[in-house]
Amino acid sequence: MSAHDRTPLAITVCLALVVAAFALFIAYFEWPTSRMVRQGHSLSESDILIYDVLPLIVAGYAIGLGSTAITRFIFPKSNIKAILGAVGVCAGLVALPFLALAVAISGAPTTRDLGSIAMFLAVPLAVGTWAVISSHLQRH
């Protein structure tokens with residue numbers, strides 16, 4: 001079995017890791033600003049960006065890098081561009097309905113909604129970063 005024959009399996013493993021990591025993250029993430037409100041603090045838009053949105057984006061990027069690293073460890077010769085394409089399409093397929101749902105509920109997406117969408121899109125950004133770095137290292 002050649003390396004490219006194992007690429008579909010690598011894509012499946014990578015997506016399974018991403019889904020599992022998101023499930024764990026969502027199960028254990030407590031919105032920092034909700035805790036601040038319970039403690040009596042008033043919030044500004046910048047507080048939401050710093051305490052809620054930024055951790056979401058960093059978590060999405062870390063989930064993407066971790067999933068890619070594990071996948072590449074198991075399937076080192078799989079096609080990283082195919083993995084990037086599959087992860088990117090799946091992120092788009094999750095982000096677009098999420099955006100439509102946010103608009104349907106509130107009329108316009110909130111800053112937190114956009115942060116959640118950015119978290120989904122940070123995953124293919126991380127895979128793309130890995131792809132660029134690995135292609136650069138293979139040339140040298």
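Side-chain atoms are counted along with the backbone in the values below, which use heavy atoms only and exclude waters and symmetry mates. The first residue in the sequence is number 1, and the count goes up from there.
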- Task: Kindly compute the distance separating SG (C14) from CD1 (I74), expressed to the nearest 0.5 Å.
- Result: 10.0 Å
- Message: By the definition side-chain contact (heavy atoms from CB on, under 4.5 Å), identify the one residue from L15, V18, V123 that meets it with C90.
- Response: L15
- Message: Ignoring hydrogens, what is the shortest heavy-atom contact between G128 and L84? Give both atom names and the distance.
- Response: N-CD1, 3.6 Å
- Examine L121 and V87 and state if one hydrophobic cluster contains both, with Ile, Leu, Val, Met, Phe, Trp and Tyr joined whenever side-chain heavy atoms are less than 4.5 Å apart. yes
- Note on the structure: For D52 and R112, the nearest pair of non-hydrogen atoms, with its separation, is OD2-NE, 2.6 Å
- Do any N or O atoms from the side chain of T7 and from the backbone of N79 form a donor-acceptor pair under 3.5 angstrom? yes
- Query: What residues join L96 in its hydrophobic cluster, counting side-chain heavy atom gaps under 4.5 Å, either direct or through other members?
  - Reply: none
- Query: Could you state the interatomic distance from CG (L114) to CD1 (I48), rounded to the nearest 0.5 Å?
  - Reply: 11.5 Å
Atom pairs and distances, donor-acceptor, side-chain atoms in residues 59-70, under 3.5 Å, two or more places apart:
residue, atom, partner, partner atom, Å
Y61, OH, T129, OG1, 2.9
S67, OG, I63, O, 2.9
T68, OG1, G64, O, 2.7

- Query: Under a 4.5 Å cut-off applied to non-hydrogen side-chain atoms, are L56 and W31 in contact?
  - Reply: yes
- Query: Minimum heavy-atom separation for T71 to A10, with atom names?
  - Reply: CG2-O, 3.4 Å
- Item | Listed partners of S106 passing side chain to side chain donor-acceptor pair (under 3.5 Å), at least two apart | none
- Message: Is there a continuous path of hydrophobic side-chain contacts, each under 4.5 Å between heavy atoms, that joins L99 to L125?
- Response: yes
- Message: Can you list, by chain and residue number, the hydrophobic cluster partners of L24 when the side-chain cut-off is 4.5 Å?
- Response: Y28
- So which heavy atom on G115 is nearest to which on I57, and how close? O-CG1, 4.3 Å
- Query: Do F29 and M119 belong to the same hydrophobic cluster, where Ile, Leu, Val, Met, Phe, Trp and Tyr are linked whenever their side-chain heavy atoms lie under 4.5 Å apart, directly or via other members?
  - Reply: yes
- Item | ring pair (Phe, Tyr, Trp, His ring centres under 6.0 Å) contacts touching residues 75-123 (sequence neighbours left out) | F22-F120, F98-F120
- Message: Taking transitive links into account, so neighbours of neighbours count too, which hydrophobic residues share a cluster with M36 at under 4.5 Å side-chain distance?
- Response: V37, L43, I50, Y51
- Shortest non-hydrogen contact from D113 toward A102: OD2-CB, 3.3 Å
- Task: With rounding to the nearest 0.5 Å, note down the distance linking CD1 in I83 to CH2 in W130.
- Result: 10.5 Å
- Query: Just wondering, do L49 and L54 contact through their side chains at under 4.5 Å, heavy atoms?
  - Reply: no
- Item | hydrophobic_cluster_shared for V127 and I117, side chain cutoff 4.5 Å | yes
- Query: How far apart are the closest heavy atoms of K77 and R72, and which atoms are they?
  - Reply: C-NH1, 4.4 Å
